[in-house]
Amino acid sequence: MSARLEPFTEDHEAFRRSVRAVVEAELTPHAREWDDAGAFPRELFRRFGELGWFGIRHPVAWGGSGLDAWYVVAYAEELVRSRCAGLDMAMLVQGEMAIPVIADLGTDEQKREFLAPAIRGEKIAALAISEPDAGSDVGAIRTTARAEGDEWVVDGAKTWITNGTRADFLTLAVRTGAPGAGGLSLLTFPTDVAGFSVSKKLEKIGNHASDTALLFFDGCRVPRRYLLGEENQGFAHLMQNFQGERLVAAVIAVAASRLMLADAIRYGGERRAFGRPNASLQVWRHRLAEHLSAVEAARWLTYRAADLFDRGAPAVREISMAKLVACDLAQRVAYDCMQLHGGMGYVLETDVARAWRDVRLLTIAGGTSEVMKELVARAEGL
Ligand SMILES: Cc1cc2nc3c(=O)[nH]c(=O)nc-3n(C[C@H](O)[C@H](O)[C@H](O)COP(=O)(O)OP(=O)(O)OC[C@H]3O[C@@H](n4cnc5c(N)ncnc54)[C@H](O)[C@@H]3O)c2cc1C
């Protein structure tokens, strides 16, 4: 018997079906409403917590399910069917970007205080790395944490922080040491401390249902025990944490591309011009065939990266390649799927119009395409 190529077992598929059923019943019908409102209900964090979706691969001891990475892949693929990318991003930041590093490196106290309530959806989490003067160049972070007695005193600013306006705590990158990457540390940071403020909610091109904030820290005091991992090892901790984040971004990009293509094929098959369906014209049949082939290639590159990640093997090369390829491809797919929709592609009631705006973020957030190329080049010894 030949080796099985499909990475998903029957258990993964059963989980996928359960996610899809909830997404289609409870989320998709509200996609437009939440996008227009610029927010989704806070109670959804609780709902996701009840469903176990924030703790899929996190330890059972802290309320997670302790499952493998393929469950996360299936979850993220199905979440895209909400057609509300802002909601998807907020929820993936909570479960797959802000808390994995606490699960990996946190003390029992930090896990009890931050990880467990985030997994239950009781506390909202955000990952606060980027600053007004430091995005791609993480080593240039300026927000400082100064040790004073048994406290850290935090001063500085963070920007573009997803979930930032309503986060109960941050996984926060700060400078505790010398300039450069070697002087960074991570803190768990509750947002109810004096001196913390949400300066503003940023208006974005897409992903409207997700809030993105500019945050200020003015002499904020938190206990020394909130240090996450080792002092001045924050850069290395972040680089490890980025792997899960970038893998999820690649999964989202592939799933979004597949959904846009399915929609375009359906619409182009129904809409007629010059006596025949638009999608039956050779120019479109070939364009769609090219995209379907490229997306399939991106999907399997992403699965290869997921396999390495799942086995705890080095995966920076493959995850960076997958994010680069899948997120760049989603731009071209979005453009052509909108084009095949004609005028309907330009009105916001059509899913592809919102998807076109939303996928634009994928080559920017979580490490730009240019940064991915740098990482690939470095991994190849260039
Ligand atoms: C909607 C949204 C949500 C976000 N959510 C979060 C979040 O939750 N938490 C968080 O910490 N951050 C978040 N970010 C920030 C995001 O990760 C950064 O925007 C991203 O890392 C790029 O940083 P930058 O914006 O400072 O761009 P810059 O670093 O200023 O880069 C600008 C351009 O220069 C290019 N460039 C930079 N360095 C190089 C290089 N070495 N070689 C070639 N080209 C280069 C970049 O690729 C880019 O094209 C979010 C951003 C957005 C827009």
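We count ligands from 1, going down the list as the structure has it; atoms in each ligand are counted the same way.
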S.K.: Is Asn207 in contact with ligand 1, taking contact as a heavy-atom separation below 4.0 Å?
M.R.: no

S.K.: Answer yes or no for Arg246 and Phe242: cation-pi contact, defined as NZ/CZ to six-membered ring centre under 6.0 Å and angle to ring axis within 45°.
M.R.: yes

S.K.: Where does Lys158 meet ligand 1, judged by heavy-atom distances below 4.0 Å: at the side chain, the backbone, both, or neither?
M.R.: neither

S.K.: Identify which of Glu131, Met97, Glu370 has a heavy atom lying nearest to atom 45 (C) of ligand 1.
M.R.: Glu370

S.K.: Going by a strict under-4.0 Å cutoff (protein heavy atoms only), does atom 35 (C) of ligand 1 have a neighbour on the protein?
M.R.: no

S.K.: Could Asp35 and Arg32 be called an ion pair, given the rule that one side-chain N must be under 4.0 Å from one carboxylate O?
M.R.: no

S.K.: Between Ala90, Gly135, Ala167, flag the one that comes closest to atom 26 (O) of ligand 1 by a heavy atom.
M.R.: Gly135

S.K.: Compare Gly206, Ser136, Gly367 and give the one whose heavy atom is closest to atom 38 (N) of ligand 1.
M.R.: Ser136

S.K.: Could you walk me through whether Tyr226 and Phe114 pass the side chain to side chain contact (heavy atoms under 4.5 Å, CB included) test, one step at a time?
M.R.: CA-CA 10 Å; Tyr226 283 171; Phe114 301 104; 3.7 Å; yes

S.K.: Does ligand 1 have any atom that is closer than 4.0 Å to a heavy atom of Ala126?
M.R.: no

S.K.: Does ligand 1 have any atom that is closer than 4.0 Å to a heavy atom of Leu127?
M.R.: yes

S.K.: For atom 32 (C) of ligand 1, state whether the nearest protein heavy atom is under 4.0 Å away.
M.R.: no

S.K.: Check whether any side-chain heavy atom of His291 sits under 4.5 Å from a side-chain heavy atom of Leu288, and report yes or no.
M.R.: no

S.K.: Just heavy atoms, cut-off under 4.0 Å: does Leu361 contact ligand 1 by side chain, backbone, both, or neither?
M.R.: side chain

S.K.: Are Leu340 and Asp336 close enough that some pair of their side-chain heavy atoms sits under 4.5 Å apart?
M.R.: no

S.K.: Does some side-chain heavy atom of Asn163 sit less than 4.5 Å from a side-chain heavy atom of Asp211?
M.R.: yes

S.K.: Could you tell me whether atom 40 (C) of ligand 1 has a protein heavy atom closer than 4.0 Å?
M.R.: no

S.K.: Do Glu380 and Arg317 sit within salt-bridge range, that is, some charged N less than 4.0 Å from a carboxylate O?
M.R.: yes

S.K.: Quick test of your reading of the model: are Asp192 and Lys123 salt-bridged, counting only N-O distances below 4.0 Å?
M.R.: no

